[in-house]
There are 2 protein chains.
Amino acid sequence: MINTTIFEFCDHCSFVPFCLPGERNLSWATQINHAVKQFRSLKRNEILCLPNNKFQNLYAIQHGVIKTYQTEADGNELIRGFYFAGEILGYEAIYTNRYPFSAAALSETVICEIPYANFLELLQAKPLLQKRILYLMSRQLNMGSYLVSTTAEQRIAAFLLDLAMRLHPMEEIIEFVLPITRQDMGRYLRLTAETVSRAFSRLQKMKVIAINHRKIEFLCLDKLRQIAEGVG
Amino acid sequence: MINTTIFEFCDHCSFVPFCLPGERNLSWATQINHAVKQFRSLKRNEILCLPNNKFQNLYAIQHGVIKTYQTEADGNELIRGFYFAGEILGYEAIYTNRYPFSAAALSETVICEIPYANFLELLQAKPLLQKRILYLMSRQLNMGSYLVSTTAEQRIAAFLLDLAMRLHPMEEIIEFVLPITRQDMGRYLRLTAETVSRAFSRLQKMKVIAINHRKIEFLCLDKLRQIAEGVG
DNA sequence: CGCTGGATTGAGGCCGATCAACTTCAGTGG
DNA sequence: CCACTGAAGTTGATCGGCCTCAATCCAGCG
């Protein structure tokens with residue numbers, strides 16, 4: 001019962017080799033239950049953590065989307081990252097010992113709470129898993145490297161490609177539903193919602209994508225990649 | 001002899017607890033010499049690694065400055081980070097298994113090469129050091145978080161504060177020599193050298209800093225911090 | 001049905017880029 | 001000692017991409 005429930009969601013989680021190394025059975029599942037509080041559920045817009053909250057947990061996203069963000073002095077919201085199913089949030093706080101951002105759910109979201117103390121214990125007990133965690137944190141360092149691109153179109157193209165890959169890590173999809181508003185894309189890419197919308201319209205006119213509200217389709221992946229790379 | 005030579009430079013290195021946990025003596029120093037190739041020296045503008053080079057080493061900067069950068073399709077150079085004495089370069093490559101950027105010395109620079117395989121071995125042998133490495137990688141995740149700020153002045157102010165702190169981690173200095181050209185600051189902050197120069201002039205006119213070529217002095221730290229935060 | 005939040009599109013303004021001229025300074029060699 | 005050279009920095013004038021503000025459209029939903 002709990003067995004299937006857990007594994008069903010855990011299949012795509014980057015924390016799996018950490019939670020479930022080797023055989024998958026109920027005894028192991030109950031064992032890790034001491035380290036990982038499974039399945040805390042968040043409603044749309046519900047807040048997961050606030051800046052300066054003491055760092056205690058990493059969070060593995062089971063299902064849904066979380067954004068991390070900080071609010072500037074003028075009230076402007078800057079999004080630092082999005083986290084999708086299978087990704088882990090909170091590495092930044094290891095250094096600061098406090099969450100350096102707010103985190104909120106963009107939709108119905110289910111997470112695993114991973115108390116950092118338990119995380120460290122598990123890591124010590126299973127030294128082979130160290131390598132995996134270094135790999136995951138290194139991945140985090142590479143996140144959003146396209147944010148430095150100069151033009152709006154470039155960043156938006158790169159963001160779309162990033163999104164498609166992270167939403168469907170196994171398959172190469174060309175059609176999906178955007179889980180993020182234009183506004184929030186802009187808050188992440190340092191653009192306004194209007195600029196994002198205009199760029200979408202332009203890309204559509206160029207027949208690189210087809211977009212209708214949240215539904216998007218890549219019509220020419222090569223062209224999209226070129227735009228993301230700043231070619232042409 | 002080698003003893004003092006090593007320790008003299010290692011005092012401020014964030015890798016120290018990894019290299020030199022506990023007592024400092026020659027036997028330990030020779031021991032780590034197997035894991036860490038000490039003191040490779042780079043001339044100004046000398047290249048340390050190129051994009052798509054196979055990942056093999058982390059690099060600890062002993063002395064000097066390294067920049068990591070990538071070149072866009074149009075030849076424009078984007079700087080991803082600066083690394084100063086005591087800092088470690090290369091975590092990004094753990095995930096990609098190749099360096100995702102070029103790295104070059106901005107001045108005479110001395111580094112330690114740390115082969116990643118040896119790094120992992122050492123980590124397994126000394127599990128207590130795991131925590132330290134997670135801490136350092138988490139720090140890296142927080143690097144340059146001010147790059148998202150909206151205005152040029154804000155990013156520049158934040159950069160100056162960051163620079164002062166990292167160049168002199170122990171003391172709170174208000175006067176130092178910029179180790180980086182305006183051009184490279186711009187390439188990091190996504191601004192042109194002209195914009196950087198103009199911002200400096202404006203900050204000087206506001207009596208927040210005094211600047212003359214590479215020599216800079218903070219005249220009003222509070223104001224500088226406020227500007228960095230976007231207040232006022 | 002109207003309401004509400006998200007998305008699109010247009011008009012005008014501003015910040016930073018671009019292009020260009022000039023200055024300063026370090027290094028070199030006569 | 002000074003002339004020459006080239007890189008770095010400063011300052012000004014103009015241009016363009018993105019922001020701002022505003023109107024409209026559209027889908028979802030009570």
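These numbers come from a predicted model, not from an experiment. Atom set for the values below is all heavy atoms of this structure, side chains included, hydrogens, waters and symmetry mates excluded. Proteins get letters first, then strands, A, B, ... in listed order; numbering begins at 1 in each.
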By salt bridge (charged side-chain N to carboxylate O under 4.0 Å, His left out), which residues pair with A/D74, not counting sequence neighbours? none
Test of understanding: with ring pair (Phe, Tyr, Trp, His ring centres under 6.0 Å), list the residues that count as partners of B/Y95, not counting sequence neighbours. A/Y135
So does A/K43 get a backbone contact from the side chain of A/E46, meaning a donor-acceptor N/O pair under 3.5 Å? yes
Listed once per pair and sorted, the ring-ring contact (aromatic ring centres under 6.0 Å, His included) pairs that draw on residues 173-211 of chain A, sequence neighbours left out: A/F82-A/Y188, A/F159-A/Y188, A/F176-A/F218
Counting only side-chain N and O atoms of B/S197, is one of them less than 4.0 Å from OP1 or OP2 of D/dT11? no
Those residues at least two apart in sequence (or on a different chain) that pass salt bridge (charged side-chain N to carboxylate O under 4.0 Å, His left out) with B/E92 are none
When rounded to whole Å, the CE to P distance for the pair B/M185 and D/dA8 reads 12 Å
From CD of B/Q183 over to P of C/dA17, roughly how many Å is that when rounded to an integer? 11 Å
Run the salt bridge (charged side-chain N to carboxylate O under 4.0 Å, His left out) test against A/E153 and tell me which residues pass, sequence neighbours left out. A/R202
Would you list the atom pairs, donor with acceptor, under 3.5 Å between side chains in residues 207-214 of chain A and any protein atom, with sequence neighbours excluded?
| from | atom 1 | to | atom 2 | distance (Å) |
| --- | --- | --- | --- | --- |
| A/R214 | NH1 | A/L178 | O | 3.2 |

Heavy-atom protein contacts under 4.0 Å, nucleotides 23-30 of chain D, coded B base, S sugar-phosphate only, - none: ----S---
Once base and sugar-phosphate atoms are separated, protein heavy atoms under 4.0 Å mark nucleotides 14-21 of chain D, 5' to 3', with B, S and - as ----SSBB
Applying side-chain hydrogen bond (donor to acceptor under 3.5 Å, both in side chains) as the test, list every pair that has at least one member in residues 155-178 of chain B; sequence neighbours left out. B/E87-B/R166, B/Y146-B/D162, B/D162-B/R166, B/H168-B/E171, B/E175-B/K215
Degree of bending in the helix from C/dC1-D/dG30 to C/dG30-D/dC1 once both end axes are built from five pairs, to 10°: 30°
With sequence neighbours left out, the residues meeting ring pair (Phe, Tyr, Trp, His ring centres under 6.0 Å) with A/Y116 are A/F55, A/F119
Measure from NZ on A/K205 to P on C/dT8 and round the result to the nearest Å. 13 Å
Atom pair distance, as rounded to whole Å: CD1 in A/I156 and C1' in C/dT8: 14 Å
Separation of D/dG9 atom P from B/I211 atom CD1, nearest Å, is 9 Å
According to a strict under-4.0 Å criterion, is B/R182 in side-chain N/O contact with OP1 or OP2 of D/dA8? no
Salt bridge (charged side-chain N to carboxylate O under 4.0 Å, His left out) filter on A/K67, not counting sequence neighbours, yields A/E77, A/D184
Could you verify whether a donor N or O on one side chain and an acceptor N or O on the other, from B/Q140 and B/Y83, lie under 3.5 Å apart? yes
